[in-house]
Amino acid sequence: MANILGIIGFGENPAACLLVDGQLHSFCQEERLTRLKNSNGIFPGKSVQWCLENAQLNLQDVDKIAFAWDASLYPKSMFQTYLGQYLKYRGASAKAYRHPSPNADIDNKLYALQTLFTFSPSALKTKIRDGLRSAGLAGEIPDVEFLSHHMCHAYSAYFCSGFDKALVLTVDGSGENKSTQICVAEGDSVREIKSFDIPHSLGWFYAAITAYMGFTPYRDEGKLMGLAALGEARSANNPWVERLRKILKIGPGWYEVDPTYTKFGGHFFHPRFTDGLQKFITEFDPEMPPIAYGEKTSIDGKPASKYLLNRYIDLAWAAQELLEQAVISLVDSAVAETGIRNLCLAGGVAMNCKMNGRLALRENVDALFVQPASSDDGTCIGAAQMVAQSLGDPIKHRLTHTQYGPSYGMDEVRAALRGCKVNFYEVENLEEVVADYLDRGKLVGWHQGAMEFGARALGGRSILANPVDPAIKNKVNNEVKYRESWRPFCPSLPIESAPDYLAPGFDSPFMIVAQDAKEKMQTATPSVVHVDNTVRPQTVHSDVQTRYYETLKRLGELTGHPVSLNTSLNVRSEPIVCSPLDTVRCFFSTGLDVLAMENFIIDKSDL
């Protein structure tokens, strides 16, 4: 039996977790502690430190460190990969259109060469050592094992799913030399049956369109997904679906991305797409140049974000449609080949809840599990599981909630509130008090128990509102979140109420699989229904989140509908809050009316 420290760092979404005797004990994303959104590129030192403190362990108590990137492939094997790509695509790259500016020729060659040594075993071990020391962790450093990135994704999904047998599809931008992997998992084994190497990356394809629209790639893909829904009404006449097939080709069980639009070529406009993509799009529609971040235009005589023009929305819809078609083709082929009808998903692309919802409805898929930490942060779980399994620990761990992060007792919360010199009071019937506030249209900050992991607030650090009020969505946007008005909010509801409001109404505890809103939800709780009549629900179980469940039930007694709008307790471009002080700062810097933190209530009307 062992203590395994799982780590992913120096890239997107650094995080750390601790497995004790094969079971998940602690998990934290670095951004929650640094308060820097995503905290890309750094070592998750604060998260490592907290994981060890939470288990009352020292660094010397850790048996092994599991790192979710296979450094053994660097530099030799990855050099061969890069060289093969260069030789294969150098002709097409040389012929590719380049913007006439000399800056267009600043491409990715130097970056690719740099990664060969940045991710070598010796370089990573040095950076890990330095990161641990900077976090104040002294003593002997445990052995570090480097694991396949995609296999870490696969382990994190399958061994948290509760399935005894499943197909596991991992899709992201890149993990070493792979971008997509299909595995068969059964019992305690996971084996690859198919993979797609870079540069044929669905993540890179989607990131290219995300960047073209003026969003931040590897962060704002969810915005592109939400924007795409605005084009649903014109989908029958969408001009881009067939045209984009030149970039993303799809066949039975395969796809291919033309890298001269994503990687190989000039990058005058953005590192995530080439000048060739700009030419490809503007040759069809000259009024569709790449959008700069924050760029505005005029729509109906009013200033608006440029991406809200129908021509750009149609491009977003087409990119979303082709992504879904490609993944469906992979799943259909794998199910036909193996006969396995349970499906697990992980990887950054699996954060696309619209795609996930479409997969869940496939007749050849009996059950779907999506790792709620599908981005790179979740790979630290899979890495730790791989090492723990190799040491003989049982690692199956059916995930029922995501609250494995920092928690704060009543004394800590009371001290924080007193230190802030704010009026607060303690209640015994918090569920009833909060439900009453929601019924009266108040916006409530909800800080209860341990912090969640993943991108979604799931009843640990949430903003709650009453979705029966059709104006509440704009109120949350304008007074609290300060984000784009067209983006949807999500509902939480008791599991037994799901069939009344959702189609098909299956269990969805992690807010990562879209479902259709039944007419009852569309008419009764319009503030949580997107323009295409879909929702991204969280189903709540009484034995998992008792206090949140009871609050929803009480709200249902008051409004007739046990449904709450639930969004993350933060403001735009900031991480979800973690500590009581984070929560107090968020509360007083926004238009929230009430804060419910453990058993304490702060009501601004009393201040």
### Task
Any chance you could measure C586, atom SG, to L592, atom CG, to the nearest 0.5 Å?
6.0 Å
### Query
Mind checking what makes side chain to side chain contact (heavy atoms under 4.5 Å, CB included) contact with K178, not counting sequence neighbours?
H150, Q181, E192, S195, D197
### Query
Closest approach of F453 and Q371, non-hydrogen atoms and distance?
CE1-OE1, 3.7 Å
### Task
Would you confirm whether the ring centroid of F273 sits within less than 6.0 angstrom of the ring centroid of Y261?
no
#### Entry: Any donor-acceptor N/O pair, R483 side chain to N477 backbone, under 3.5 Å
no
### Message
Under 4.0 Å between a side-chain nitrogen and a carboxylate oxygen: does that hold for K246 and D258?
### Response
no
### Query
Cationic tip of R243 within the cone over F280's six-membered ring, i.e. under 6.0 Å and within 45° of the normal?
yes
#### Entry: Worked check of side-chain contact (heavy atoms from CB on, under 4.5 Å) between E232 and W317
CA-CA 7 Å; E232 183 68 29; W317 190 93; 3.0 Å; yes
### Worked verdict on L565 versus N466 for side-chain contact (heavy atoms from CB on, under 4.5 Å)
CA-CA 6 Å; L565 182 154; N466 183 1; over 6 Å; no
### Query
Which residues pass the salt bridge (charged side-chain N to carboxylate O under 4.0 Å, His left out) test with K518, sequence neighbours left out?
none
## Note on the structure
Y74 and T115 have their tightest heavy-atom pair at CD2-O, 3.4 Å
### Query
Rounded to the nearest 0.5 Å, how far apart are CG of L248 and CG of L202?
6.0 Å
#### Entry: Considering all heavy atoms, the nearest A228-A316 contact
CB-O, 3.6 Å
### Task
For residues G378 and S156, report the shortest heavy-atom separation together with the two atoms involved.
O-CB, 3.5 Å
### Task
Could you walk me through whether D507 and T539 pass side chain to side chain donor-acceptor pair (under 3.5 Å), step by step?
CA-CA 6 Å; D507 190 15; T539 50; 2.5 Å; yes
### Query
Is there a donor-acceptor pair closer than 3.5 Å between any side-chain N or O of T274 and the backbone N or O of G266?
no
### Message
Under 4.0 Å between a side-chain nitrogen and a carboxylate oxygen: does that hold for E321 and R358?
### Response
yes
### Task
State, with a plain yes or no, whether a side-chain heavy atom of N13 is found less than 4.5 Å away from one of Q29.
no
### Task
Identify, with sequence neighbours excluded, every residue that meets salt bridge (charged side-chain N to carboxylate O under 4.0 Å, His left out) alongside E287.
R311
### Message
Counting the benzene-type ring for Trp, do Y307 and Y312 have ring centres under 6.0 Å apart?
### Response
no
### Task
Verify, without hydrogens or angle tests, whether T34 (side chain) and L36 (backbone) share a donor-acceptor contact under 3.5 angstrom.
yes
### Message
Taking R35 first and then E574, would you say they form a salt bridge - that is, a charged N and a carboxylate O separated by under 4.0 Å?
### Response
no
### Working for side-chain contact (heavy atoms from CB on, under 4.5 Å), residues W204 and S179
CA-CA 9 Å; W204 289 355; S179 61; over 6 Å; no
### Query
Are F264 and Y86 near enough that their ring centres are under 6.0 Å apart?
no
### Message
Regarding K37 and N570, do their side chains bring together a donor and an acceptor under 3.5 Å, going by distance alone?
### Response
no
### Query
Is it true that a side-chain atom of S201 and a backbone atom of G173 form a donor plus acceptor pair closer than 3.5 Å?
yes
### Summary
One should read off an interatomic distance between L443 CG and I463 CD1, to the nearest 0.5 angstrom, of 8.0 Å
### Message
When you measure from the side chain of T534 to the backbone of H530, do you find a donor-acceptor pair of N or O atoms at a distance under 3.5 Å?
### Response
no
### Message
Quick check on K46: does its NZ atom have over 12 non-hydrogen neighbours (other residues, nucleotides or ligands) under 6.0 Å away?
### Response
no
### Message
I want to check something: taking the side chain as every heavy atom from C-beta on, are N352 and Y206 in contact at a cut-off of under 4.5 Å?
### Response
yes
### Message
Before you tell me yes or no, could you show the steps for Y155 and T379 under side chain to side chain donor-acceptor pair (under 3.5 Å), namely the whole-Å CA-CA distance, both residues' side-chain angles and the distance that decides it to 0.1 Å?
### Response
CA-CA 8 Å; Y155 262 64; T379 60; over 6 Å; no
### Message
Using side-chain heavy atoms (C-beta onward) and a distance below 4.5 Å, is F27 in contact with D377?
### Response
yes
### Task
Taking the side chain as every heavy atom from C-beta outward, state whether Q538 and S508 have any pair of such atoms under 4.5 Å apart.
no
### Query
Are any non-hydrogen side-chain atoms of L458 and P509 less than 4.5 angstrom apart?
no
### Query
So, R219 and E12, do they make that salt bridge, N to O below 4.0 Å?
no
### Task
Measure from the side-chain N and O atoms of N566 to the backbone N and O of A457, and report whether any donor-acceptor pair falls under 3.5 Å.
yes
### Task
Check whether NZ of the Lys or CZ of the Arg R272 lies under 6.0 Å from the centre of the six-membered ring of Y218 and within 45 degrees of that ring's axis.
yes
### Query
Taking the six-membered ring where the residue is Trp, are the ring centres of F284 and W240 under 6.0 Å apart?
yes
### Query
Is there a side-chain contact between Q85 and K263 (heavy atoms, below 4.5 Å)?
no
#### Entry: Atom pair CD/CG of Q320 and L315 - distance to nearest 0.5 Å
12.0 Å
### Query
Quick one: does T180's side chain get under 4.5 Å of L169's, heavy atoms only?
yes
### Query
About how many Å separate CE of M351 and OG of S375, when rounded to the nearest 0.5 Å?
4.5 Å
### Message
With a 3.5 Å distance limit and no angle check, can you tell me whether S333 reaches the backbone of L330 through a side-chain donor-acceptor pair?
### Response
no
### Task
Walk me through it: do N533 and D516 pass the test side chain to side chain donor-acceptor pair (under 3.5 Å)?
CA-CA 6 Å; N533 289 325; D516 290 331; over 6 Å; no
### Query
Going by heavy atoms in the side chains, are N310 and R234 under 4.5 Å from each other?
yes
### Message
Checking the side chain of R32 only, and the main-chain atoms of E452 only, is there a donor and an acceptor separated by less than 3.5 Å?
### Response
yes
#### Entry: Aromatic plane relationship, Y89 with H200 - under 30° parallel, 30 to 60° tilted, over 60° perpendicular
perpendicular
### Task
Could you tell me which non-hydrogen atom of A346 sits nearest to which non-hydrogen atom of H153, and how far apart they are?
CB-O, 3.5 Å
### Query
With respect to S568, which candidate in R456, R461, K481 satisfies the side-chain hydrogen bond (donor to acceptor under 3.5 Å, both in side chains) definition?
K481
### Task
For S492 and S564, indicate whether the former's side chain and the latter's backbone hold a donor-acceptor pair under 3.5 Å.
no
### Message
Determine whether Y212 and I281 satisfy the following criterion, side-chain contact (heavy atoms from CB on, under 4.5 Å), listing intermediate values before the conclusion.
### Response
CA-CA 10 Å; Y212 199 93; I281 291 173; 3.6 Å; yes
### Query
Between S148 and M151, is there a donor-acceptor pair closer than 3.5 Å when you use the side chain of the first and the backbone of the second?
yes
